[in-house]
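This report concerns only the one structure given below.
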There are 2 protein chains.
Amino acid sequence: MGAPLPRDPIADARRNWELHGWGEVAAPMAAITAIMRTQQILMARIEDVLKPLGLTFSRYEMLALLSFARTGALPMSKASALLQVHPTSVTNAVDRLETAGYVERTRHPTDGRTTLIELTADGRALTEKATAALNAEVFGRSGFTSVDVEDLLRILSDFRRQAGDFA
Amino acid sequence: MGAPLPRDPIADARRNWELHGWGEVAAPMAAITAIMRTQQILMARIEDVLKPLGLTFSRYEMLALLSFARTGALPMSKASALLQVHPTSVTNAVDRLETAGYVERTRHPTDGRTTLIELTADGRALTEKATAALNAEVFGRSGFTSVDVEDLLRILSDFRRQAGDFA
DNA sequence: TATTGTTATACTCTATAACTATA
DNA sequence: TATAGTTATAGAGTATAACAATA
């Protein structure tokens, strides 16, 4: 959506913050802005890969989650917790995936309140295709060095633990 | 949106990927997933701070950009390029900010095609208030150590340069 | 009473295409 | 012809509140 800028806008912003009396928080502000921008770039790449397959990222996330489930089925509430999204977002995503024939709703055997979501054969095939495409075109060519990847994983793992993501 | 998980789901996914024949890309996949999740956490914090001020993040970004402009005014097209968003998104954001009285559209002195955006006094005051709140409640308490912040800035700067963000 | 999930509704942001006005 | 910006329209995800069914 445009040519490269002549200078790094985030480095500029950091200097600007320091000049305006925010020296204390200039560096973390810049780091957080860089995370936002990096996420934006990566999301665009992922969406470019998924679009030809008729998937959005959030729907792919749902399919990938189901493909990992040992029994092949997951309660809506568990999907909501694991994907960190609102229950209505799960309902919405499952509605569309079900219409497309990639998942099916089934009743929970013992708890009548619970709806289980299950991959269909089509859904499983599509998930495998999408995963292979993402691995080849995004994760396999991320541009991060191996060392940087490990540093990122440690730093972001510390952050997520501290943020209450896991124990 | 739920209690902490007992285990790190991203570390689990990395192991799972390795077990399913994707060992080559398991680490970058995990790192990218961690970036996505970190962005989600940070965005939620930022929105919590901005919501009481009646601002969304994208509208705050627009105000902050204008507050840095030397002349105090910026063409729509320049805002679109610097914020890396579609021109229609700029039109939308400026429409709402103008209705709220925080920015004004003015004509470019020499190019009749160009619309300039300018902060009002109210807009500048709100921007300063929002910036102070974000610095105090988000950037000043990010949870990243100083060393991690510098590592993040270097790694993500390399990535963004490679992705064509700047020269 | 509490929990699970759905529905209705609304509000973001984003994108495409068609259009006007100006260069 | 090309550029800047707007409009109309559509789609995505997310959220709140009210509700039904079940525990």
Side-chain angles (χ1 to χ4, degrees), chain A residues 1-3 36-37 39-41 43-44 46-48 50-51 53-63 73-100 103-118, chain B residues 1-3 36-37 39-41 43-44 46-48 50-51 53-63 73-100 103-118:
Chain A
M1 204 172 307
M36 298 289 183
R37 176 59 187 150
Q39 188 269 352
Q40 193 181 7
I41 293 167
M43 183 63 89
I46 290 170
E47 287 174 345
D48 281 350
L50 293 178
K51 197 167 189 177
L53 299 173
L55 284 176
T56 63
F57 183 57
S58 66
R59 291 178 208 169
Y60 169 75
E61 279 188 300
M62 176 70 69
L63 294 178
L74 226 53
M76 301 282 282
S77 56
K78 189 139 193 179
S80 172
L82 290 170
L83 295 175
Q84 310 267 10
V85 297
H86 201 274
T88 55
S89 296
V90 175
T91 296
N92 183 308
V94 170
D95 280 352
R96 291 157 190 272
L97 289 170
E98 191 170 32
T99 299
V103 305
E104 275 176 357
R105 281 179 166 91
T106 60
R107 307 203 58 72
H108 185 103
T110 64
D111 187 336
R113 297 171 304 183
T114 298
T115 300
L116 295 175
I117 331 163
E118 198 170 359
Chain B
M1 203 174 307
M36 298 290 184
R37 176 57 187 150
Q39 188 269 351
Q40 193 181 7
I41 294 167
M43 184 63 89
I46 289 169
E47 287 173 343
D48 280 350
L50 294 179
K51 197 166 190 178
L53 299 173
L55 285 176
T56 62
F57 183 57
S58 65
R59 291 178 208 167
Y60 170 74
E61 279 187 300
M62 175 70 70
L63 294 179
L74 226 55
M76 302 281 284
S77 56
K78 189 138 192 180
S80 172
L82 290 170
L83 295 174
Q84 311 266 9
V85 298
H86 200 276
T88 54
S89 296
V90 175
T91 295
N92 184 305
V94 170
D95 280 353
R96 292 158 188 274
L97 288 170
E98 191 170 32
T99 299
V103 304
E104 275 175 0
R105 282 178 166 92
T106 60
R107 308 202 59 71
H108 186 102
T110 65
D111 188 336
R113 296 171 303 183
T114 298
T115 299
L116 295 176
I117 331 163
E118 197 172 357

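Every chain is numbered from 1, with letters handed out A, B, ... down the list of sequences. Note that these values count all heavy atoms, side chains included, but never hydrogens, waters or copies made by symmetry.
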Distance check needed: [N] [atom2] versus [X] [atom1], whole Å only.
X: Gln39(B); N: dG13(D); atom1: CD; atom2: P; answer: 15 Å
X: Met43(B); N: dT12(C); atom1: CE; atom2: C1'; answer: 12 Å
X: Gln40(A); N: dG13(D); atom1: CD; atom2: P; answer: 17 Å
X: Gln84(B); N: dC13(C); atom1: CD; atom2: P; answer: 17 Å
X: Asn92(B); N: dT6(D); atom1: CG; atom2: P; answer: 11 Å
X: Asp48(B); N: dA15(D); atom1: CG; atom2: C1'; answer: 13 Å
X: His108(A); N: dG5(C); atom1: NE2; atom2: P; answer: 10 Å
X: Lys51(B); N: dC13(C); atom1: NZ; atom2: C1'; answer: 15 Å

Checklist line | Gln39(B) vs Met43(A) side-chain heavy atoms within contact, under 4.5 Å | finding: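 They are not in contact (no side-chain heavy atoms under 4.5 Å apart), so the answer is no.
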Notebook entry, point to check: So, do Glu98(A) and Ile117(A) sit near enough that their side-chain heavy atoms are less than 4.5 Å apart?
Noted result: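 Sidechains of Ile117(A) and Glu98(A): no contact.
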Look at the side chain of [X] and decide which nucleotide, out of [options], has an atom nearest to it.
X: Met76(B); options: dG5(D), dT4(C), dG13(D); value: dG5(D)
X: Arg96(A); options: dG5(C), dA12(D), dT6(D); value: dA12(D)
X: Asp95(B); options: dT7(D), dA23(D), dT14(D); value: dT7(D)
X: Ser58(A); options: dC13(C), dT6(D), dG13(D); value: dG13(D)
X: His86(A); options: dT14(C), dA15(D), dT6(C); value: dA15(D)
X: Arg113(B); options: dT16(C), dT3(D), dG5(D); value: dT3(D)
X: Thr88(A); options: dA17(D), dT14(D), dT12(C); value: dA17(D)

Next item on the list: Record whether the side chain of Thr56(A) comes under 3.5 Å of the base of dA12(D) through a donor-acceptor pair of N or O atoms.
Entry: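 Flag unset: no donor-acceptor pair detected.
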Next item on the list: Specify the closest pair of heavy atoms between Gln40(A) and Leu83(B), including all atoms of both residues, with the distance to one decimal.
Entry: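 Heavy atoms only, the tightest pair is NE2-O, 4.5 Å.
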Just N and O in the side chain of [X]: are any of them under 4.0 Å from OP1 or OP2 of [N]?
X: Arg105(B); N: dG5(D); result: no
X: Thr114(B); N: dT3(D); result: no
X: Thr91(B); N: dT6(D); result: yes

Next item on the list: Using the side chain to side chain donor-acceptor pair (under 3.5 Å) rule, pick out the option among His108(A), Arg107(A), Arg113(A) that qualifies with Asp111(A).
Entry: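 Single pass found, and it is Arg113(A).
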Next item on the list: Would you kindly compare Gly112(A) and Ser89(A) by the position of their nearest DNA chain D nucleotide and give the one closer to the 5′ end?
Entry: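 That would be Ser89(A).
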Notebook entry, point to check: Contact class for Arg107(B) vs. all strands (heavy atom < 4.0 Å): base, sugar-phosphate, or nothing?
Noted result: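 The answer is nothing, as Arg107(B) stays clear of every strand by at least 4.0 Å.
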Item checked: Atom pair CG/CD of Leu55(B) and Glu61(B) - distance to nearest 0.5 Å ->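 Answer rounded to 0.5 Å: 11.5 Å.
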Notebook entry, point to check: Take atom CZ in Arg105(A); do more than 12 heavy atoms of anything else shown fall under 6.0 Å from it?
Noted result: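 More than 12 heavy atoms, drawn from other residues, nucleotides or ligands, come within 6.0 Å of this atom.
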